[in-house]
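Working notes for the structure below.
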There are 2 protein chains.
Amino acid sequence: MALTDDAIAKIRSMIQSGELPPGTRLPPEPVLAAQMGLSRSGVREAVKVLESARVLDVRRGDGTYVTSLAPRLLLQGLGVAVELLRDDTLLEVMEVRRMLEPMATGLAALRMTDADLDELGQILADMRAAADDAEQLIRYDTAFHHTVVATTGNETLTSLLDGLSGRTLRARVWRGLIEGNAAHQTIEEHHTIYLALRARDQLLAQASALLHVNTSEAWLRTVLAAGSADE
Amino acid sequence: MALTDDAIAKIRSMIQSGELPPGTRLPPEPVLAAQMGLSRSGVREAVKVLESARVLDVRRGDGTYVTSLAPRLLLQGLGVAVELLRDDTLLEVMEVRRMLEPMATGLAALRMTDADLDELGQILADMRAAADDAEQLIRYDTAFHHTVVATTGNETLTSLLDGLSGRTLRARVWRGLIEGNAAHQTIEEHHTIYLALRARDQLLAQASALLHVNTSEAWLRTVLAAGSADE
DNA sequence: TCGACCATATTCGTCAGATGTATCCCGGCG
DNA sequence: CGCCGGGATACATCTGACGAATATGGTCGA
C-alpha cells in the first residue's frame with residue numbers, strides 16, 4: 001500500500017509545515033483526489049484516518065477543516081489506545097500514573113486558586129454522598145483528578161493523565177474497591193489530597209497522591225488476579 | 001456519519017471484549033461488510049483507521065489480522081500526535097518530560113544490568129565521536145534515552161517517553177544546542193547520567209536527568225523564541 | 001431596513017461493480 | 001525431499017452514481 005498512506009503523509013506534512021494552519025478548509029474531495037493523484041476513495045480513507053486522529057474535522061455538506069490541533073484533541077487517541085491494552089500491561093500504565101500523578105498533584109498545590117479548591121471541595125462532597133453508587137463514584141473520581149491536574153494549566157499533561165486513566169481502568173479499580181469494602185477509605189484518601197492542596201503543601205500533596213495511586217494499583221492487582229483466576 | 005464510525009466502534013469493541021484476540025484473522029472485507037451491514041468502502045475506511053492506530057495489521061493478498069496490541073504499537077500514535085502540536089504547546093510537552101524522565105531514569109538506576117550499562121557506554125562514546133554531526137547526535141541522543149528508559153522494563157513508559165520526544169522536537173533542541181555552542185556540555189550531561197546509573201544511585205540519576213531535561217527545555221525556549229521573532 | 005423563509009448549489013456519505021496485484025497454497029516435477 | 005509454477009484468495013485502487021446534510025443567496029413580508 002502506498003497511495004493512501006502517501007496521501008495521509010502528504011496532508012500531515014502540509015499541516016506540520018504550516019501550509020495548512022488550524023482552521024483551514026481543505027479542497028473538496030474530488031479536487032484533493034486530483035491534486036494528490038489518486039481516486040476519491042483513497043482520499044476518503046486518508047481523510048478518515050486523520051479525522052479519527054482529530055487532525056481533521058469533516059463536516060458533511062460543508063467541507064473538511066484542519067482542527068485547532070490542541071493537545072486535548074490530538075492526545076485523545078491515547079485514551080482509546082489504553083482501553084485496548086491487554087490486562088497484563090495495565091500495571092505498566094499504573095506505574096506511569098504513579099510517576100506522573102503525584103508530580104502533577106504537587107504542582108497543582110502551587111498553582112491552585114481558591115475557586116479551584118472550592119470546586120474540588122464540592123466534588124468531594126458529591127463523592128461522599130454517592131458512596132453507594134459505583135457509576136457515580138467513578139464519575140466524581142474522574143472529575144476530582146481531572147480538576148486537580150487541570151489546575152496545573154498544562155493541557156498536555158492533563159490530556160495524558162486523562163488518557164492513562166481511562167473509563168475501563170477506573171471502573172475495574174472501583175469494582176475492586178467496592179467489593180473489598182475499601183471505598184470509604186479511598187474517598188478519605190481524596191480528602192487527604194484535598195487538605196494538602198488547600199494547605200498549598202506541594203510535598204504533602206505529592207505524597208498523598210502517591211499513596212492514593214498506590215491504593216488504586218493494589219486494588220487493580222486484586223481485580224486482575226481474580227479475573228485471571230476465573231479462566 | 002454513523003455507519004463507518006459504527007463499524008470502527010464495533011470492531012474495536014469486539015477486540016476489547018476478547019472476542020477477537022491478538023493474532024485473529026478478520027473475515028474478508030466483503031464478508032465483513034455484509035456482517036456489519038454496510039458496503040465494502042465503509043469497511044475499508046474503518047479498517048484503515050484501525051490499521052493506522054496499529055490495532056489491525058492488513059496484509060495484502062493475505063488478510064487482516066489483529067495485532068499483538070502491545071503498548072509499543074498502540075502508543076505509537078502518540079509520536080505523530082506530538083509532531084503535530086503547535087509550537088506553544090511544546091513547552092507543555094517538555095514539562096511532562098521533566099516529570100517523567102527523571103523518574104524513569106531513577107528507576108533505571110535500580111534495574112539496569114551490566115550489559116545495559118556497557119551498551120550505554122558505547123552509545124556515549126559514539127555520541128562523543130559524532131560531536132560535529134547534528135544528525136548523528138540526534139540519533140545517539142535518542143538511543144541513549146531510549147536505552148535507559150527501556151531498562152525499566154516498562155514498555156508503556158518507554159513508548160510514552162519515545163512519543164513525547166519526537167524527532168522534530170529533538171532536532172530543534174539540538175539545533176539550539178549546536179548554534180549555542182552547548183553541544184559539548186550537553187554530551188557531558190549524558191556522561192553524568194551514565195555515571196549515576198553505573199553507580200546504581202537512584203537519586204543521583206534522577207537529579208542528573210532532571211538537569212538534563214531542564215537544559216533541553218532551556219534551549220528549546222531559545223529556539224522557539226528565535227523562531228517566533230523571525231515572523 | 002431587517003428578518004424569516006425557501007430553492008439551489010455544494011460537499012460529504014454510501015453504495016455497486018470492476019480491474020489490478022500481492023500473497024498463499026498445493027500439486028507436479030526433478 | 002525440495003523447488004517451482006499456477007490457481008485461488010484477498011487486499012488496493014478506480015470509476016460512476018445517488019442520497020443526505022449543510023451553506024448560501026435571493027425573495028418576500030413586516
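None of these values were measured; they are calculated from a predicted model. Within every chain, numbering begins at 1; the chains are lettered A, B, ... in the order of the sequence lines, protein sequences first and strands thereafter.
- Phosphate proximity of dT14(C) to Thr4(B): present, with a side-chain N or O under 4.0 Å from OP1 or OP2.
- The nearest whole Å value for the distance from the CG atom in Leu50(B) to the P atom in dC11(D) is 14 Å.
- Between the side chains of Asp162(B) and His145(B), no donor-acceptor pair of N or O atoms lies under 3.5 Å.
- When only modelled atom types and interatomic distance are considered, Thr113(A) and Asp116(A) share a side-chain donor-acceptor pair under 3.5 Å.
- For Arg175(A), the side chain to side chain contact (heavy atoms under 4.5 Å, CB included) partners are Glu179(A), Val223(A), not counting sequence neighbours.
- Take the nearest nucleotide of DNA chain D for Ser41(B) and for Glu29(B): the residue whose nucleotide is more 5' is Glu29(B).
- When heavy atoms are screened at a 4.0 angstrom cut-off, Gly63(A) is found touching the sugar-phosphate backbone but no base atom.
- Counting to the nearest Å, the C1' atom of dT9(D) and the CG atom of Leu26(B) are 16 Å from each other.
- Residue Ser39(A) places its side chain closer to dC14(D) than to any other of dC14(D), dC11(D), dC12(C).
- Taking atom CG of residue Leu38(B) and atom C1' of nucleotide dG13(C), one finds them 11 Å apart after rounding to whole Å.
- Rounded to whole Å, atom P of dC15(C) lies 12 Å from atom CE of Met36(B).
- For Asp132(A), the CG atom is loosely surrounded, since the number of other residues' heavy atoms within 6.0 Å does not exceed 12.
- Atom C1' of nucleotide dC12(C) and atom CG of Asp57(A) are separated by 12 Å, given to the nearest angstrom.
- There is a side-chain donor-acceptor pair under 3.5 Å between Gln122(A) and Asp126(A).
- Here the P atom of nucleotide dT13(D) and the CZ atom of Arg44(A) are 16 Å apart, to the nearest Å.
- Atoms CD (Glu45(B)) and P (dT13(D)) sit 13 Å apart, rounded to a whole Å.
- Side-chain atoms of Ser13(A) and Glu19(A) form no donor-acceptor pair, as typed in the model, at a separation below 3.5 Å.
- OP1 or OP2 of dC12(C) sits under 4.0 Å from a side-chain N or O of Thr64(A).
- Residue Arg40(A) places no side-chain atom within donor-acceptor reach of the base of dG16(D), judged by atom type and a 3.5 Å distance cut-off alone.
- Between Ile8(A) atom CD1 and dT13(D) atom P there is a gap of 10 Å when expressed in whole angstrom units.
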Shorter than 3.5 Å, N or O on both sides, protein versus nucleotides 20-24 of chain D: list them out with atom names.
| unit_1 | atom_1 | unit_2 | atom_2 | d |
| --- | --- | --- | --- | --- |
| dA20(D) | O4' | Arg60(A) | NH2 | 2.7 |
| dA21(D) | O4' | Arg60(A) | NE | 3.4 |
| dT22(D) | O4' | Arg60(A) | O | 3.4 |

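- Applying the ring pair (Phe, Tyr, Trp, His ring centres under 6.0 Å) test to residues at least two apart or on different chains, none of the pairs has a partner in residues 118-142 of chain B.
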